[in-house]
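Just so you know, ligand 1 is whichever comes first in the structure, and atom 1 is the first atom listed for that ligand. Starting from 1, each residue takes its place in the sequence as its number. Basis for what follows: all heavy atoms, side chains included, without hydrogens, waters or symmetry-related copies.
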Amino acid sequence: MSAQIIDGKAIAQAVRDGVALEVAELKAAGVEPCLAVMLVGENPASRVYVGMKEKMCAEVGIKAVDLRLPADTPEEEILAVLDSWNEDPAVHGILVQLPLPDHVDEKTVMERIRPEKDADGFHPVNVGRMASGDRSAFRPCTPAGIQVMLQHIGYDPAGKHAVIVGRSNIVGRPMATILSQKEPFANATVTIAHSRSDDLGAITRLADLLIVAVGWPNAVTGNMVSEGTVVIDVGVNRVDDDSRERGYRLVGDVAFDEVAEKASWITPVPGGVGPMTIAMLLKNTVTAARRLSGTD
Ligand code: GUN
């Protein structure tokens with residue numbers, strides 16, 4: 001089999017078109033949706049992600065407040081900014097780009113964001129609500145975006161075996177929660193595998209749907225995938241490439257060429273999951289703006 005490519009760029013564009021219509025409606029009702037974004041430090045990948053998030057906000061008409069703080073900013077100062085954004089009625093969504101510098105406690109920061117403004121869906125109140133089946137909870141953008149991708153290609157995971165490789169709070173765990181929900185485009189049988197799993201290949205070969213989010217290239221190779229599997233690659237890794245002007249290229253966690261020989265569908269990197277994450281962030285922001293302004 002040779003896989004069909006899941007065009008994350010096109011699907012994300014469709015999501016953003018819908019968000020832009022919602023933004024226009026809100027603006028007509030006198031509400032300007034606004035996402036406040038905080039970046040602490042100089043992590044080059046984070047700078048790129050934050051830049052893309054803000055560019056996409058502009059495209060759909062969401063106002064972005066951009067706060068860049070030096071890497072040595074005290075935690076107290078970060079929390080004080082969050083308090084002011086929590087209180088500010090003009091701010092509807094809040095995002096603190098991760099990872100944070102070592103001296104800052106991520107948990108304390110995440111918990112300080114008002115759950116109603118938690119555009120990333122990382123606050124424990126939203127995590128807990130989602131886990132208990134409350135569909136109004138803000139969901140983390142990457143797994144939510146993957147579910148939308150599956151919808152767009154018409155792949156219903158109901159009854160299928162979804163294997164998720166990676167147990168991060170940003171992708172793996174919430175992906176398992178979403179795919180095991182009793183709701184459309186979920187109802188899967190879910191396995192979470194991770195860096196400590198014995199014989200990873202024996203587990204991934206059992207997958208109908210394989211979602212890989214571990215953070216290193218070639219974590220899943222052709223011999224680890226069965227014919228016809230739907231493969232979603234969440235990884236974004238820089239590998240040296242002298243033929244590129246910038247000296248590197250981006251690859252996923254999946255050995256694309258060999259896995260594409262066997263998969264039925266596969267996401268490319270770049271142009272797969274990445275654009276979906278941002279599109280869902282915009283969607284969460286507009287949902288927050290609707291709710292907070294009473295226009296939902
Ligand atoms: N770092 C990596 N992914 C994400 C994300 O989805 N949101 C935030 N805030 N930080 C990240």
**Report entry** Residues Lys160, Asp208: salt bridge by 4.0 Å N-O rule
**Finding:**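 Between Asp208 and Lys160 there is no salt bridge, as every charged N stays at least 4.0 Å from the carboxylate O atoms.
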Query - Test: Arg114 and Glu87 ion pair at under 4.0 Å - result: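 No.
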Report task. Check whether the side chains of Thr285 and His92 place a donor and an acceptor atom closer than 3.5 Å, and report yes or no. Result ->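 His92 and Thr285 do not have a side-chain donor-acceptor pair below 3.5 Å.
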Requested in this report: Examine the side chains of Gln181 and Gln147 and answer whether a donor and an acceptor come within less than 3.5 Å of each other.
Outcome: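 Side chains of Gln181 and Gln147: no pair found under 3.5 Å.
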Query raised in the report: At the 4.0 Å heavy-atom cut-off, does Met38 count as touching ligand 1?
Result: no
Query raised in the report: Does even one non-hydrogen atom of Tyr49 get within less than 4.0 Å of ligand 1?
Result: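 Contact absent.
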For [atom], what's the nearest protein heavy atom and its distance?
atom	answer
atom 11 (C) of ligand 1	Gln97 NE2, 3.3 Å
atom 7 (N) of ligand 1	Asp120 OD1, 3.1 Å
atom 1 (N) of ligand 1	Leu98 O, 2.9 Å

Requested in this report: Before giving the answer on side chain to side chain contact (heavy atoms under 4.5 Å, CB included), spell out for Ser195 and Trp216 the whole-Å C-alpha distance, their side-chain angles and the decisive distance to 0.1 Å.
Outcome: CA-CA 11 Å; Ser195 55; Trp216 62 85; 4.3 Å; yes
**Report entry** Within reach of ligand 1, part of Glu106 (heavy-atom separation under 4.0 Å)
**Finding:** neither
Query raised in the report: Which of these, Val37, Leu39, Ile170, Thr142, has its nearest heavy atom closest to atom 3 (N) of ligand 1?
Result: Ile170
Query raised in the report: Can you find an N/O atom of Val96 closer than 3.5 Å to an N/O atom of ligand 1?
Result: yes
Query - Polar contact flag for Leu95 and ligand 1 (N/O pairs, less than 3.5 Å) - result: no
Show the atom names and distances, to 0.1 Å, of all donor-acceptor pairs under 3.5 Å that link a side chain in residues 7-17 to residues at least two apart or in another chain.
unit_1: Asp7; atom_1: OD1; unit_2: Lys9; atom_2: N; d: 3.2
unit_1: Asp7; atom_1: OD1; unit_2: Ala10; atom_2: N; d: 3.1
unit_1: Gln13; atom_1: OE1; unit_2: Arg16; atom_2: NH2; d: 2.8
unit_1: Gln13; atom_1: NE2; unit_2: Asp17; atom_2: OD1; d: 3.0
unit_1: Arg16; atom_1: NE; unit_2: Glu59; atom_2: OE2; d: 3.0

Requested in this report: Measure across Val91 and Ala36 and return the closest heavy-atom pair with its distance rounded to 0.1 Å.
Outcome: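 Minimum heavy-atom contact is CG1-CB, 3.9 Å.
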